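Have a look at the structure below before the remarks.
The structure presented is a predicted model; accordingly, all values stated were derived computationally and were not measured. As a basis for the values below, the full set of heavy atoms in this structure was taken, side chains included, without hydrogen atoms, waters or symmetry mates.
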Amino acid sequence: MVTVHTLTLYGLIILFLPLVSFVYQIFFGRVLGPRGAWLSVGALAVTLVLSLTMLVSLFMGHEIAFTPEVLWFTVGDFSLTLGFQFDNISVVMLVVVAIISSLAHLYSIEYMRGDVRYTRYFGYLGLFTFSMNGIVLAHSLIMMYVFWELVGLSSYLLIGHWFEKDSAADAGKKAFLTNRVGDIGMFIGIMLLWTVTGSFTFQGLYELIDVESGNMFAGQMGLLTIAGVLVFLGAIGKSAQFPLHIWLPDAMEGPTPVSALIHAATMVAAGVYLTVRMFPILTPDALLVVGTIGAITAVLGALIAITQNDIKRVLAYSTVSQLGYMIMAVGMGAQQAAFFHLSTHAMFKGLLFLCSGSVIHALHHALVHEGDHSTDHQDMRNMGGLRSKMPITYITMLIGALTISGVPLFSGFLSKDAILAGTLAFAHEHHVWWANLFPIAGFGAAAITAFYMFRLIFMTFHGKPANAKVNAHVHESPAVMTIPLMTLAVLSFALFFTLPGLNPMSAEGWFAHLIHQMENLTGYAALSWEHLEHGFHEAHHLTVQLSFAVAGTGIMLAIVFYLLGWLSPAAWAERLKKAGLYQASFHKFYFDEIYDKVLYQPFLWLTDKIAWLDWDWWDQRFIDSWGRNTVKAGNASGWVDYFWLDQIVIDGIGRIIRWMGAVGRKMQTGRIQNYLMWALAGGLIILVLANSF
Amino acid sequence: MGDITFSVLAVLVIVTAFWVVTSRNLVHAAVALMGTLFGVAGLYVFLYADFMAAVQIIIYVGGITVLIIFGVMLTQRIGDKMLVQTTMPNRAFAAIVVAALFVALASLIFKTPWHRGDLPEMDGTVSIIGNALLTRYLLHFEVAGVLLLLALLGAAYLARRAHG
Amino acid sequence: MASLESYLFISLILFCLGLYAVMTRRNGVAVLMGIELILNAANLNLVAFNRFGGLAEHLPGQVFALFVIVMAASEAAVALAIIINLYKTFATVNVDEAHEMKW
């Protein structure tokens with residue numbers, strides 16, 4: 001039985017236990033050394049148990065929808081509260097975070113073994129989990145913003161974990177700074193909403209911004225659109241959406257469990273989570289912006305992923321693409337589908353990253369065993385033929401690939417289908433030509449996803465080994481690493497999201513039941529949802545057929561190219577190069593180069609000029625001239641002080657006094673009668689004066 | 001009769017006092033001082049201070065003057081030219097100061113409106129002074145006795161021979 | 001009958017002459033004589049004030065003068081002792097020659 005109080009207590013424990021882990025690892029990590037990592041794992045296990053308890057109580061029919069809050073501070077009329085937002089979404093999200101985070105902790109015990117900053121790494125993981133739980137539980141935008149920045153910080157710290165490498169340090173900075181761009185927009189958006197409504201809390205905003213009762217923002221729809229888009233800017237940064245997606249692939253410089261936890265499953269999903277939370281107050285115009293950004297990102301990420309050779313970068317662009325899917329779904333009004341995909345994606349993308357980590361780990365050790373330190377252990381061209389050496393990793397990764405490709409029986413099929421159905425419904429409802437671009441983008445990206453995922457599988461596990469000697473030393477990772485793989489692989493089956501429903505084609509089940517509560521969120525969503533509901537039913541069968549087709553096409557193409565070798569990838573690459581397409585994809589559509597030319601270089605030029613102005617002109621000429629003039633004035637003043645004031649005036653006074661003393665001491669004759677005479681003369685003067693007045 | 005006597009006494013006092021101040025011979029000066037003190041004793045009689053007049057003659061004329069002459073004798077040899085008293089070089093300035101003081105105080109004396117009451121007749125002050133000293137002024141009397149004792153001791157100590 | 005002023009005037013002359021002697025005489029004994037003159041001037045004043053102030057009951061002026069005489073006697077004794085000491089130390093009784101007390 002879960003009461004309101006125990007629920008709040010659970011929330012506090014879930015939130016702060018990882019922080020305790022962080023404090024322990026950072027300040028007392030030496031006490032137990034590497035063994036202390038198990039404490040962090042234990043802490044995360046506790047949060048997992050508590051999260052699952054809350055989830056179970058949801059199954060048992062308890063309504064969990066309330067927001068305990070406490071006053072943080074009051075300034076004048078303004079007061080700020082801290083509080084938890086307990087509802088079905090946050091509970092499900094907590095479970096997702098707890099599962100992935102605890103598995104990543106467990107996995108890291110082996111993966112990070114021997115690392116110089118082992119305890120610090122676990123400390124940062126704890127800090128991240130704390131911050132992420134904070135985002136999930138936050139009841140207000142401002143509180144979410146605080147934790148938003150904290151996840152940014154912990155992401156920065158973890159990406160730069162191996163900061164001895166310049167690329168890792170640069171990637172950390174890039175991630176942090178790129179996120180700042182979005183966060184500034186988010187902050188302005190929050191302030192804009194607050195200025196109009198005076199509320200930070202989600203509940204408050206839902207109540208104060210309502211299209212039907214026309215309150216607060218009535219007549220200012222343009223302003224509300226801008227506010228919504230500005231807040232969404234934070235999601236663009238955090239969820240690596242076009243045009244701020246550039247940091248996520250570079251973030252792969254961090255340790256692989258970090259990539260799995262932060263840059264695949266949880267933190268990047270925070271943007272989607274925010275957008276889902278904001279959904280009820282986003283105007284149709286703002287939603288269109290959201291959907292467009294998502295669609296562009298989905299296609300862009302998928303296209304770039306085709307040509308990448310670094311196994312983690314393929315997965316990184318895949319993540320960008322999948323996040324684009326979710327954002328697009330929110331834009332289409334299918335926020336339930338977006339949240340569904342968020343949850344399933346967390347499982348299978350976490351799985352894929354951990355699998356790639358297992359491969360990298362194994363290959364790295366084999367290469368080191370052979371004395372080879374120069375070969376890139378993340379490059380898929382240096383892999384191949386690992387299937388028999390690492391059977392568990394192979395099978396689990398295959399499951400992950402099947403899931404992401406949208407093959408039935410796996411969870412990805414259901415969630416992706418829901419999103420695609422949403423796009424079809426949107427196109428169905430909006431009778432304009434560009435509305436059809438959304439489903440095209442969705443299905444296109446789905447096909448490409450299937451292709452590049454199986455390209456990855458075939459290049460890594462099939463074919464001939466790139467280096468037979470190294471291959472001989474590759475062996476399966478230990479149980480600490482394979483258990484998380486197997487756990488996540490199991491959770492990638494559709495079954496776990498549809499219980500008690502067993503129909504692999506239907507998403508009906510506990511999950512859909514839980515997130516159905518989101519319909520209660522009124523506002524603009526209510527308008528579009530009714531239309532979408534209709535569209536879903538219309539589009540369902542079409543979606544299933546189409547997604548079968550695209551997934552099959554993608555997988556088939558991958559088999560033809562990479563497994564059977566009927567078509568040569570190199571030859572096709574040459575052909576595409578002529579059209580410039582291959583190059584464009586390989587160079588990630590030149591985003592970094594364009595930013596470099598358009599933003600960084602002019603900025604550096606400007607900085608250079610301003611630095612010149614500041615240093616050469618202002619500092620050297622102006623400020624230093626103060627110094628030089630002060631020295632001159634000081635010299636002059638010193639001359640006056642010494643030769644004139646000191647030597648003449650001050651010493652003059654001394655000389656005068658000495659002269660007066662020389663004169664005056666002559667009165668001290670030592671003859672007592674003289675003294676008497678002077679005393680009498682003085683007395684006389686007093687007498688005369690006293691008489692005359 | 002009384003006024004004539006008073007005038008004679010006044011002239012005696014002033015003249016002998018001048019002699020004391022101006023005499024170049026110390027012995028002469030001491031003798032002149034004796035005359036002055038006698039004159040003052042006479043003036044006391046005019047002031048109905050018979051006991052004071054007697055004390056003046058006994059102590060001053062009989063005691064202090066003799067003591068002074070002893071001092072002259074002990075420190076100078078009679079007939080030595082050192083006996084001739086010289087004066088300070090800046091006596092002119094001293095004279096100016098003293099003269100100015102004299103003028104100032106004289107003007108003070110004659111300008112002040114003194115209380116003028118009836119002068120009581122008195123016959124003999126000895127018993128009054130005796131009573132007063134042993135009753136009203138007993139403490140002062142005792143202190144004066146201690147002072148005299150100390151002066152006696154101090155003078156004896158100072159005057160004794162250094163090697164004694 | 002002589003007035004108060006006449007006594008005070010005689011006293012003033014005595015005082016001024018004594019003062020002059022103290023200031024100009026070199027010989028210590030002569031200085032002492034000047035001091036005796038000053039003291040007599042003061043005594044004369046005290047007795048005169050007693051008389052003309054009508055204080056017949058306890059004669060405070062005369063008693064005061066009496067104590068002054070006592071003091072004068074002891075002062076004369078101590079002063080002569082000092083002069084004798086001075087003579088022994090400096091072989092002179094001229095006060096202006098004993099000017100060790102200056103700068």
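Of the atoms belonging to C:Leu80, it is side-chain heavy atoms, and not backbone ones, that fall under 4.5 Å from chain B. Residue B:Thr125 touches chain C through both its backbone and its side chain, counting heavy-atom pairs closer than 4.5 Å. C:Val63 touches chain B through its side chain: at least one heavy atom from C-beta onward sits under 4.5 Å away, while N, CA, C and O do not. Both the backbone and the side chain of C:Leu8 come within contact range of chain B, with heavy atoms under 4.5 Å apart. Interface residue C:Leu14: only side-chain heavy atoms are found under 4.5 Å from chain B. With a 4.5 angstrom heavy-atom cutoff, B:Phe18 touches chain C via backbone and side-chain atoms both. Contact annotation for B:Leu33: only side-chain heavy atoms (C-beta onward) come within less than 4.5 Å of a heavy atom of chain C. With a 4.5 Å cut-off on non-hydrogen atoms, C:Glu57 touches chain B through its backbone but not through its side chain. If you measure heavy-atom distances from C:Ala79 to chain B, you find no contacts under 4.5 Å at all. Using a 4.5 Å cut-off between heavy atoms, C:Asn43 touches chain B through backbone and side chain atoms alike. Only the backbone of B:Thr22 has a heavy atom closer than 4.5 Å to any heavy atom of chain C. Using a 4.5 Å cut-off between heavy atoms, C:Leu32 touches chain B through its side chain atoms alone.
The distance from atom OH of C:Tyr7 to atom CG of B:Leu43, rounded to the nearest 0.5 Å, is 6.0 Å. Atoms CD1 and CG, from C:Ile13 and B:Leu105 in turn, are 12.0 Å apart once rounded to the nearest 0.5 Å.
Counting heavy atoms from C-beta outward, B:Leu47 and C:Leu44 have side chains that approach closer than 4.5 Å. Using a 4.5 Å cut-off on side-chain heavy atoms (C-beta onward), C:Val70 and B:Ile59 make no contact. Within the 4.5 Å cutoff, no side-chain heavy atoms of C:Ser3 are placed close to those of B:Trp114. No side-chain heavy atom of C:Ile84 sits under 4.5 Å from any side-chain heavy atom of B:Leu158. Side-chain contact between B:Phe6 and C:Ile10: present, with at least one pair of heavy atoms (C-beta onward) separated by less than 4.5 Å.
C:Glu36 and B:Tyr60 share a side-chain donor-acceptor pair at under 3.5 Å. For the residue pair C:Asn40/B:Gln56, the side-chain donor-acceptor check at 3.5 Å is satisfied.
No donor-acceptor pair closer than 3.5 Å links the side chain of B:Arg136 to the backbone N or O of C:His58.
The side chain to side chain contact (heavy atoms under 4.5 Å, CB included) check on C:Phe64 picks up C:Leu46, C:Val68, with sequence neighbours excluded. Residues passing the salt bridge (Lys or Arg N to Asp or Glu O under 4.0 Å) test with C:Glu5, sequence neighbours excluded: B:Arg116.
Using a 30° and 60° split on the angle between ring planes, B:Phe110 and C:Phe9 fall in the tilted class, from 30° to 60°. Note on ring orientation: taking the six-membered ring where Trp is involved, the planes of B:His140 and C:Phe67 are tilted (angle from 30° to 60°).
Across every non-hydrogen atom of C:Val47 and B:Ala49, the tightest pair is CG1-CB, 3.6 Å.
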